[in-house]
Amino acid sequence: MASSMSGMFSGQQPPVAHPVGGPGGPGQPGFPGTAARPPGNNTLVDELEASFEACFASLVSQDYVNGTDQEEIRTGVDQCIQKFLDVARQTECFFLQKRLQLSVQKPEQVVKEDVSELRNELQRKELLVQKHLSKLHHWQQVLEDVSVQQRKPPDLPPPGPLAFLEQASASLPPAPLKPN
């Protein structure tokens, strides 16, 4: 597998290559600590990294911060983002091509990966089912407790701080009326 990906790191270019002037592109500053890459020796990973850095550089560039023409700023940022998306698509195509080559050369490897993914998904779903069962048992217990409380005889006073006084006053005879 490592040898099949060597083209990506040895200067192999996809069918449509976009030259990169530097980390920030032409006329844009790069990030501090990043060295300019030699032109013509860029790999797809270098281009992706440079276009990513150019996106951020265009957003934090002094030209854009102090600029007054919003349309020019928007156009510059859009161009940087579009270049990043183009290089990301090229990178995705590269890995899809390598995946296709692997599936042709070693189909058993693809089946092993699929089985592994299915096992992981099954385990995740089992955990989810256990979580839902736990919640179900909890709410069944709550419903059972509520139904037991409703079945208690109504002659018992409700529990509370005044329950004793209410029970004691209920057993006393009514008070005699005072004559006027």
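- Considering all non-hydrogen atoms of both residues, C80 and A54 come closest at SG-O, 3.8 Å.
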Next item on the list: Determine, step by step, whether V87 and F52 satisfy the side-chain contact (heavy atoms from CB on, under 4.5 Å) criterion, reporting the C-alpha distance in whole Å, the side-chain angles of both residues, the deciding distance to 0.1 Å, and the verdict.
Entry: CA-CA 9 Å; V87 176; F52 182 72; over 6 Å; no
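- With salt bridges taken as basic N to acidic carboxylate O contacts below 4.0 Å, none links E92 and R89.
- The structure places OG of S58 at 9.5 Å from CG of D78, a figure rounded to the nearest 0.5 Å.
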Item checked: Evaluation steps, side-chain contact (heavy atoms from CB on, under 4.5 Å), between T43 and E47 -> CA-CA 6 Å; T43 64; E47 286 188 37; over 6 Å; no
Margin query: Checking R99 against V110 for the side-chain contact (heavy atoms from CB on, under 4.5 Å) test, could you report, in this order, the C-alpha distance in whole Å, the side-chain angles of both residues, the deciding distance, and whether it holds?
Written below: CA-CA 9 Å; R99 177 82 175 163; V110 175; 4.1 Å; yes
Next item on the list: Assess whether side-chain hydrogen bond (donor to acceptor under 3.5 Å, both in side chains) is satisfied between Q82 and D86, documenting all intermediate values.
Entry: CA-CA 6 Å; Q82 189 60 45; D86 289 343; 3.2 Å; yes
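- Taken from CG in L48 to CD in E53, the straight-line distance is 10.0 Å, to the nearest 0.5 Å.
- We find the CZ-CD distance between F95 and Q90 to be 13.0 Å, quoted to the nearest 0.5 Å.
- A donor-acceptor pair is defined here as one N or O able to donate and one able to accept, closer than 3.5 Å; no such pair exists between the side chain of S116 and the backbone of K112.
- From R151, atom CZ reaches atom OG of S147 across 4.5 Å, with rounding to the nearest 0.5 Å.
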Using atom types as modelled, flag every donor-acceptor pair under 3.5 Å from a side chain in residues 122-142 to any protein atom, sequence neighbours excluded.
| residue | atom | partner | partner atom | Å |
| --- | --- | --- | --- | --- |
| K125 | NZ | E121 | OE2 | 3.1 |
| Q141 | NE2 | D145 | OD1 | 3.1 |

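- Here the side chains of L102 and K98 are not in contact, with every heavy-atom distance at 4.5 Å or above.
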